[in-house]
Protein chains: 2
Amino acid sequence: MTDQPVPTTAAGEAPTARGEQTRQLILETAIRLFRERGYARTTMRAIAEEAGVAVGNAYYYFDSKERLIQEFYSRTQDEHRAAARPVLERESEFAARLAGVLHAAIDVLTPSHEFAASFFKVAAEPSSPLSPFSSETAGPRQASIELFTEVLAGSTSKVDPELRPHLPELLWLAYMGTVLYWVYDRSPGQTRTRTLIDGAVPLIDRLVSLSRLRVLRPVTRQIVELLRMLRH
Amino acid sequence: MTDQPVPTTAAGEAPTARGEQTRQLILETAIRLFRERGYARTTMRAIAEEAGVAVGNAYYYFDSKERLIQEFYSRTQDEHRAAARPVLERESEFAARLAGVLHAAIDVLTPSHEFAASFFKVAAEPSSPLSPFSSETAGPRQASIELFTEVLAGSTSKVDPELRPHLPELLWLAYMGTVLYWVYDRSPGQTRTRTLIDGAVPLIDRLVSLSRLRVLRPVTRQIVELLRMLRH
DNA sequence: GCTCCAATTTGAACGTGTTCAAGTATCGAC
DNA sequence: GTCGATACTTGAACACGTTCAAATTGGAGC
């Protein structure tokens, strides 16, 4: 959680490794090439050569090509949090906060749209530790969910108290859906995803407000109950 | 575009090709091995050997290993439709029809759960023609969506007339979500997915009914408007 | 039966991700 | 400075998806 000089995987790696520089070089090179040529057309040999190391050396630091993506992914998440910060400091309305955070995510992802398609493929593998739902990514996921806790915490909106504790996770789910949509979004500049965000956020805002309505109480209950059951 | 004697892909099959038998043999073998050993650990060489053909021959019929999965996927969809038929003939209530169709999907998928994880990975690739959202799968997807048109058509439920035309697609989306959940579901026998279906269906049913309520009319409008915008 | 063409089949060869046994460099202990 | 251990680096070798030029087969037309 704290800022350690541990640059490797999520788990935990070399405490103060000598080869840190090499590691960074390889990663930097890989991401650049991924962006330039796409994931599939970037070979490990090309990465190694471009970075000026032996191919085996790349495998010393990253145990697979996919790991390079995982690293990229976790970096992007950091960037997202950073990009979301000013929004959360500036805005106080729920809708504005949520929209800001979602747009920030897309902002951060945009330079990698084409390549992100491939990385998404990797993330989708349920057995992969990179999967957004796997237990291995519990840490990063929790951090991501916390972002939405913050969205909610700082907002002036009133929310059904029963629903509230579940809302961050639901918002995170909406965020995942947005990213999924974005990955598949082939419109120029992914403007459709922007449309989706701008359309969905007021809708979510409204639904959240309505959740306190008398007629909708049973529905809210039902949702909360379902979530509870799925969590065991 | 027209029906040529090209035996490949799911779309149009060989009219009466000579090698049809070989094609089936290879596919049968592949699916069997995928189930036995998983996707990644089944090599094309193994498939070819087990089927008693040369490896190049497999590539004559399926232009990649992924294509074999695509084929499997489209088969599964056929099975799903077949499994859903009796439910649709038997039930008349919306909730029962929807639940039946969703459970049928899981029934059909269950024998391939472990392997389906891998196939999902392939499907997730947006540039892949196998992606459930790609234009290449428009046909199968349409067929799938039609299933939910049928769910709705035969049901006794009353639905907001503005929402109605969009509902099949939304239900299909819910179905996709269910499958996604199932893919990641590691509970024994995927019982959690069953729980999800049994919990979500009454909820959806209720929401659909409520959509006609005066207070919710604006929300319904908003949803419809958003869908319209996203469709261009 | 023969000829010929297209459909089918073959397996060697290629490119790429990954592994591994064998080095080489670095640093603390003495 | 030397030694030993650990961190790092190397590139050849391997496995697997895929390609392709060449061989084989089956059947229509005669």
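These figures come from a predicted structure and were not determined experimentally.
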Side chain of [X]: nearest nucleotide among [options]?
X: A/K65; options: C/dT18, D/dT18, D/dT9; result: C/dT18
X: B/Y59; options: D/dT9, D/dG17, D/dC14; result: D/dG17
X: A/T43; options: D/dT10, C/dT16, C/dT9; result: C/dT16
X: A/V55; options: D/dT9, D/dT19, D/dA12; result: D/dA12

In whole Å, I'd like the distance from the [atom1] atom of [X] to the [atom2] atom of [N].
X: B/I69; N: D/dG17; atom1: CD1; atom2: P; answer: 11 Å
X: B/L25; N: C/dT9; atom1: CG; atom2: C1'; answer: 14 Å
X: B/F62; N: D/dG17; atom1: CZ; atom2: P; answer: 15 Å
X: B/Y60; N: D/dA23; atom1: OH; atom2: P; answer: 18 Å
X: B/N57; N: D/dG17; atom1: CG; atom2: C1'; answer: 16 Å
X: B/E20; N: C/dT9; atom1: CD; atom2: P; answer: 11 Å
X: B/E66; N: D/dT18; atom1: CD; atom2: C1'; answer: 12 Å
X: B/R41; N: C/dT18; atom1: CZ; atom2: C1'; answer: 17 Å

For this session: Answer yes when B/E28 and B/R35 have at least one side-chain N-carboxylate O distance shorter than 4.0 Å, and no when they do not.
Result: no

Problem set entry | Pair A/R75 + A/D78: basic N to acidic O under 4.0 Å | no

Exercise. Would one find a side-chain N or O of B/T22 under 4.0 angstrom from OP1 or OP2 of C/dT9?
Worked result: yes

Seminar exercise, completed: Nearest heavy-atom contact between B/G154 and B/R97 is CA-NH2, 3.4 Å

For this session: Measure across B/L230 and A/L196 and return the closest heavy-atom pair with its distance rounded to 0.1 Å.
Result: CD1-CD1, 3.6 Å

Problem set entry | Heavy-atom donor-acceptor pair, A/R45 side-chain to C/dG15 base, under 3.5 Å | no

For this session: By nearest nucleotide on DNA chain D, pick out whichever of A/A54 and B/G56 is the more 5' one.
Result: A/A54

For this session: Give a yes or no on whether the ring-centroid distance for B/H80 and B/Y175 is below 6.0 angstrom.
Result: yes

